[in-house]
Amino acid sequence: MQNKWVKKTGLMAMSGVVLLSVIAGCSGSNASKNDPKSTNAAQGGTETTKGSNKFNLWLGWSATVNNDSLVQKNWKETEPGIEVVLEATQGDAVTALNLKLNTGGFEDAAVFNRSEIVKAAMIRSNKILSVEQYFDMPDQYPNLAAIPKQYLDQMKDADGHIWSIPTWFEQNPDNPWPGWASQTWLVRTDVLEKAGMTTTDLATIEGVEAYLKKASEQKDASGKPLIPLSFLMDPNDTAGWNDENTVLSTFGVTTGGGIIPVEKKGDELVLLYDDPQYKVAYQWMNKMYRSNLVDPEVVTDKKERYKEKNKAGRVAMNVGSFFNVDNSIWETLDGPTEPGWFYQVVPFPKVEGVEKLGANTVINPYPGYDVYISKNSKNLEAVLKFLDYSLKPGADQQQVINEGPEGKFWGWIDQPLGRWNYIDAEYDKARNSGEPAQKAKVTPELYMISSYNNDWYPWWNYGTGDKVGNEKTSKFTATVGQMGAVRSTQTYDLVKAKSGGLLEKYLPELENIRKEYRAKLIMSKSGEQFEATWTAFRDALEKRGHWTEVKQEWQEQYEVLLKEQG
């Protein structure tokens, strides 16, 4: 089964930049234009260009391949009538790309996780076809023509060429699927009830404080006082992903997004550490810490210890990612037999003066993968026909590409776009065996060559669940995604660090400073000490992190991006 908990990460190492010079040095000089004969042949539809109903797809990652898989057989024998022969990458993807492009190139098509390194290498090789014309042929390729224009416009080079077919994008960019949103306030409803309160009493930050005080008067099953509030301060987290960000969101600070989190407030773009509410949020955490309403071990607790406390019922309320709390403590239950059963997500409490929550999760609806087509392919029509099929708009299309058509290997349990399960016993056995070779017999798992939308997501709706609590996680994440701290990507989230520039140089140090001072801010013993620590934090940002200079370069890069996008 597709691992629903794992975030996809970029596959390119920084060492790939060095390899690009090798690629460029061995490539033809005419990198910005197609070979006229190849282009004319493609548009003219000659027999040589059209080829057979078969093509080779090179995967830009390691995988166990079985080209006789049931899903591939269905592609060949029914819809879309195309035989797709897969070839996986061996070893490092950038090294493999370098070798492939310098030894004749790939045969027909290649799919890679979106990467500027890969894109530059492909273009410089002078071995790929520009594909912009195929997005304007709705009679032949209606689904390629239906790709949101804003995605395509972003992909155009200075000459108007587009060098890949984009895949794995949100079909409705203005209403993106929120992903596995999990940054939330999580309350124990049994503790809440004993405190004589309901979830509506938690609608304000003052209400949360009142609950924490009452929770501190209760005891756990072993007779120890409950920990009113806790969160995980993981030493491996980042500025864009940590439990404190839920508190920052509550106070209006955006922590998700680009290389430096940024939010537009009025006519001004405010970067993370310049948001005055950043300080206010940590003042609140410090207030709770000094009031003994936060776990006194919050700064030093390791992840496993944090999970143990939650499983044992020691904590009355958590703030942060519920995956850090450990979703297994409710997924393994059929009823109220353990403390984990009573966990419930609640809306972000209202803070006076905060009109809008900060975004802790920024959803990038833009394409995550690119399919490049060889200008020497003899099977262009097969490639285009298959991609037009895989990119058919529809909430269940990623499921169709991944598992075959509904009714063959899987089917609806209740209703279309509801819960589903596998209906073919042999398929199910191999698919969920946990063995790559067995899984490859049934599906190549190529969901990433399709697209998705917010109407339905397969892994939120899979199976009936062995335990009643199994469904809680998907319900939690769907609810959190609608609370207001999740937004889609804006142009300012797409700013890139200039190679060899200040952003690239000082972002690691800025992250070191954040981690160093967050604990000091939270553990300050008085308001005066907090102010002194805050001053030292700002001083470190400037002296060690060159914050003002970094911001200036960020602004310059943003203006470059605006010009590129017209």
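Count residues from 1 along the sequence.
For R314, the side chain to side chain contact (heavy atoms under 4.5 Å, CB included) criterion is met by D220, K224, I227, K309, A312, not counting sequence neighbours. With sequence neighbours excluded, the residues forming a side chain to side chain contact (heavy atoms under 4.5 Å, CB included) with Q171 are P393, S451, N453, listed by chain and number. Judged as a side chain to side chain contact (heavy atoms under 4.5 Å, CB included), and not counting sequence neighbours, the contacts of I522 are F231, M233, E244, Y282, M285, Y289.
Between E516 and R544 there is a salt bridge, since at least one side-chain N of the basic residue sits less than 4.0 Å from a carboxylate O of the acidic one. Classification of D237 and R518 as a salt-bridged pair holds, one side-chain N sitting under 4.0 Å from a carboxylate O. Using a cutoff of 4.0 Å between basic side-chain nitrogens and carboxylate oxygens, E308 and K311 are not scored as salt-bridged. A salt bridge between K194 and E217 is absent, with no side-chain N of the basic residue lying under 4.0 Å from a carboxylate O of the acidic one.
Contact annotation: the side chain of E511 approaches that of T238 to within less than 4.5 Å [non-hydrogen atoms, C-beta and beyond]. At a threshold of 4.5 Å between non-hydrogen side-chain atoms, the residues N327 and F476 do not count as touching. Residues L510 and L541 are in side-chain contact: their nearest non-hydrogen atoms beyond the backbone lie under 4.5 Å apart. Residues T184 and F322 are in side-chain contact: their nearest non-hydrogen atoms beyond the backbone lie under 4.5 Å apart. Between M155 and R114, some side-chain heavy-atom pair lies under the 4.5 Å cut-off. Within the 4.5 Å cutoff, no side-chain heavy atoms of N236 are placed close to those of K303. Two residues are said to be in side-chain contact when any heavy atoms from C-beta on lie closer than 4.5 Å; L333 and K467 fail this criterion. Using a 4.5 Å heavy-atom cutoff, the side chains of W168 and P367 are not in contact.
Side chain of D301 to main chain of V298: no donor-acceptor pair is present (N/O by atom type, distance under 3.5 Å, no hydrogens or angles). Remark: the backbone N or O of I329 is not paired with any side-chain donor or acceptor of E331 at under 3.5 angstrom. Between the side chain of Y151 and the main chain of P365, a donor-acceptor pair closer than 3.5 Å is present. A donor-acceptor contact shorter than 3.5 Å links the side chain of N402 to the backbone of Y447. Judged by distance alone, the side chain of N360 and the main-chain N or O of G256 form no donor-acceptor pair under 3.5 Å. Looking at Q218, its side chain does come within 3.5 Å of a backbone N or O of V191 through a donor-acceptor pair. Listed for the T167 side chain is a donor-acceptor partner under 3.5 Å among the backbone atoms of M448. Without hydrogens or angle criteria, T533 side chain to Q529 main chain gives a donor-acceptor distance under 3.5 Å. With hydrogens and angles disregarded, a donor-acceptor distance shorter than 3.5 Å links the side chain of S433 to the backbone of E435. When atom types are taken as modelled, the side chain of N172 and the backbone of D174 share no donor-acceptor pair closer than 3.5 angstrom.
Residue pairs that meet the side-chain hydrogen bond (donor to acceptor under 3.5 Å, both in side chains) test with at least one member in residues 260-276, sequence neighbours left out, are T254-E263, E263-R487, E263-Y492, K265-D275, D274-R538, D274-W547, D274-K551. For residues 498-523, the set of pairs meeting the ring-ring contact (aromatic ring centres under 6.0 Å, His included) definition, not counting sequence neighbours, comprises Y506-H546, Y517-F537.
Between the CG atom of L502 and the OG1 atom of T548 there is a distance of 11.5 Å, given to the nearest 0.5 Å. Note: Y211 OH to S216 OG = 10.5 Å, rounded to the nearest 0.5 Å.
In terms of heavy atoms, S524 sits closest to N286 at O-ND2, 2.7 Å. When all heavy atoms of N245 and A239 are compared, the closest pair comes out as ND2-O, 3.0 Å. For L202 against G207, the heavy-atom pair with the smallest separation is CD2-O, 3.9 Å.
Within a 6.0 Å radius of CD in E559, more than 12 heavy atoms belonging to other residues, nucleotides or ligands are found. Atom NZ of K515 sits in a crowded spot, with more than 12 heavy atoms from other residues, nucleotides or ligands closer than 6.0 Å.
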Show, in sequence, the C-alpha distance, side-chain angles and deciding distance for W185 and T250, and conclude whether the side-chain hydrogen bond (donor to acceptor under 3.5 Å, both in side chains) test is met. CA-CA 10 Å; W185 294 80; T250 303; 3.0 Å; yes
List the steps and the verdict of salt bridge (charged side-chain N to carboxylate O under 4.0 Å, His left out) for E531 and K279. CA-CA 10 Å; E531 289 297 334; K279 177 183 179 181; 2.9 Å; yes
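Within the 6.0 Å centre-distance limit, the rings of W420 and W459 are counted as a close aromatic pair.
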Indicate every side-chain donor-acceptor pair of residues 337-359 with a distance under 3.5 Å to a residue at least two apart or in another chain.
from : atom 1 : to   : atom 2 : distance (Å)
Y343 : OH     : N310 : OD1    : 3.3
Y343 : OH     : N318 : OD1    : 3.3
K350 : NZ     : V354 : O      : 2.3

